[in-house]
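Everything below concerns the one structure shown next.
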There are 2 protein chains.
Amino acid sequence: MDTGEETPARLRGMPSRLLSMLATHAQRLVGDALADADARTYHYALLAALEEFGSASQAALSRRTGIYRSDLVATINELADRKLLERTPDPGDRRRNVITLTREGRRHLGRLDALLADVQNDLLAPLSAVERDALTGLLGRLLDHHTR
Amino acid sequence: MDTGEETPARLRGMPSRLLSMLATHAQRLVGDALADADARTYHYALLAALEEFGSASQAALSRRTGIYRSDLVATINELADRKLLERTPDPGDRRRNVITLTREGRRHLGRLDALLADVQNDLLAPLSAVERDALTGLLGRLLDHHTR
DNA sequence: TGAATTCGTTAGTGCGACTAACATTTAGGG
DNA sequence: CCCTAAATGTTAGTCGCACTAACGAATTCA
């Protein structure tokens, strides 16, 4: 995505475009950082949800993370293979699995947290603290409006 | 991406995440709107570049739009099949093709412009004019910083 | 009890971003 | 002038994320 030459004005000024392009850059930063820890966005989201809300069924985790339950299967497989979480049948509801964070999972999440904190700084580097707040405020409001 | 339940605080406040999620929503809006005209993001970017800067080689268009030259091949094929642009060998440099917008291509672009203007409004609906400017300003600065 | 719903899972789609490799053609440096 | 390096168009892949359809098994509800 190296626009060495002139970019069409229409694209340069269109919010949805700015958003997409910047999100692409952000995702590359995030993706590269996470890759250093053999992780992806879904891994982080899932681990974070588990730590903050505790063990839960896959369906509940799907709702909390926004990851489709179909995609969650593979994500959980990957993390379970590495013993970062455990998948056990729910005795109280035999349709469900209970997903539980392991000690190593929690440690892994800590590493990812640190990596991602750096990324946020790089991403927002040119903005002052006030501007950063303004940006996240505006983004948050838009997101609320479109998800709620 | 329907987060019906609670979202982890870490994700709710992380700029890169807000950005990605909002960009996803924006792209869905844009994608749906463009789909009504049998178009995709790449189509619009390419047509816009052609109208603003005139006929050009595929490599030049790749630089201007940020679309990889490999992906541009298919995009141009699709639009050429629909007579929205023309691909002719460049007599002055036999490595190159000259891509030229047709009259119908220009008309098609006009339709897409209208569709996308509506999408921008929907996207930014909850923001005042001042806030919209603030947002695009901040996004633009970040994008500049990361591409330049 | 029968119908509708929930849950985990498999399989497959679409789009955008990105890489590698190749043949052809052009441009540049000794 | 030649030879090497670079540019161009093209084919063929990969990857990640978002999303749909369909299924069997288990549970809830009317």
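Here is the naming used below: chain letters follow the sequence lines, and residue numbers restart at 1 for every chain. Heavy-atom basis, side chains included; hydrogens, waters and symmetry copies ignored.
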Enumerate, atom names and distances included, each donor-acceptor pair closer than 3.5 Å involving a side-chain atom of residues 30-39 of chain B, sequence neighbours excluded.
none

(message) Near DNA chain D, counting only heavy atoms under 4.0 Å, which residues of residues 109-125 of chain B show up?
(response) none
(message) Under the rule for side-chain hydrogen bond (donor to acceptor under 3.5 Å, both in side chains), what residues qualify as partners of A:Gln120, not counting sequence neighbours?
(response) B:Ser16
(request) List in chain and number order the residues that pass side-chain hydrogen bond (donor to acceptor under 3.5 Å, both in side chains) with A:Gln27, two or more places apart in sequence or in another chain; answer none if no residue qualifies. (result) B:Ser20
(message) Can you measure A:Leu29 atom CG to C:dA17 atom P for me and round it to whole angstrom units?
(response) 15 Å
Give every donor-acceptor pair under 3.5 Å between a side-chain atom in residues 134-146 of chain A and any protein atom, sequence neighbours left out.
residue  : atom : partner  : partner atom : Å
A:Thr136 : OG1  : A:Arg132 : O            : 3.2
A:Thr136 : OG1  : A:Asp133 : O            : 3.1
A:Arg141 : NH1  : B:Glu131 : OE2          : 2.7
A:Arg141 : NH2  : B:Pro126 : O            : 3.0
A:Arg141 : NH2  : B:Glu131 : OE1          : 3.3
A:His146 : NE2  : B:Leu123 : O            : 2.9

Restricting to nitrogen or oxygen on both sides, can you table the protein-nucleotides 19-22 of chain C pairs closer than 3.5 Å?
residue : atom : partner : partner atom : Å
C:dT19  : OP2  : B:Tyr68 : OH           : 3.4
C:dT19  : O4   : B:Ser70 : OG           : 2.9

(request) Can you sort out the partners of A:Ser55 under side-chain hydrogen bond (donor to acceptor under 3.5 Å, both in side chains), two or more places apart, ordered by chain and number? (result) A:Thr100
(request) For B:Arg10, check side chain to side chain contact (heavy atoms under 4.5 Å, CB included) against everything at least two apart and list the hits. (result) A:Tyr44, A:Ala48, A:Glu51, A:Glu52, A:Leu109, A:Asp113
(message) Can you see if the side chain of B:Gln58 gets near the phosphate of D:dT10 - specifically, an N or O under 4.0 Å from OP1 or OP2?
(response) yes
(request) Using modelled atom types only, decide if a donor and an acceptor are shared between the side chain of B:Thr65 and the backbone of B:Ala45 within a distance under 3.5 Å. (result) no
(request) Could you list by number each residue of residues 31-48 of chain A showing a heavy-atom separation from DNA chain D of less than 4.0 Å, or answer none if no residue does? (result) A:Arg40, A:Thr41, A:Tyr42
(message) Let's see if you get this right: which residues in residues 80-101 of chain A place a heavy atom under 4.0 Å from DNA chain D?
(response) A:Asp93, A:Arg94, A:Arg95
(message) Among residues at least two apart in sequence or on other chains, which ones pass side-chain hydrogen bond (donor to acceptor under 3.5 Å, both in side chains) with B:Ser70?
(response) none
(request) Quick one: list whatever passes salt bridge (Lys or Arg N to Asp or Glu O under 4.0 Å) with B:Arg95, sequence neighbours left out. (result) B:Asp93
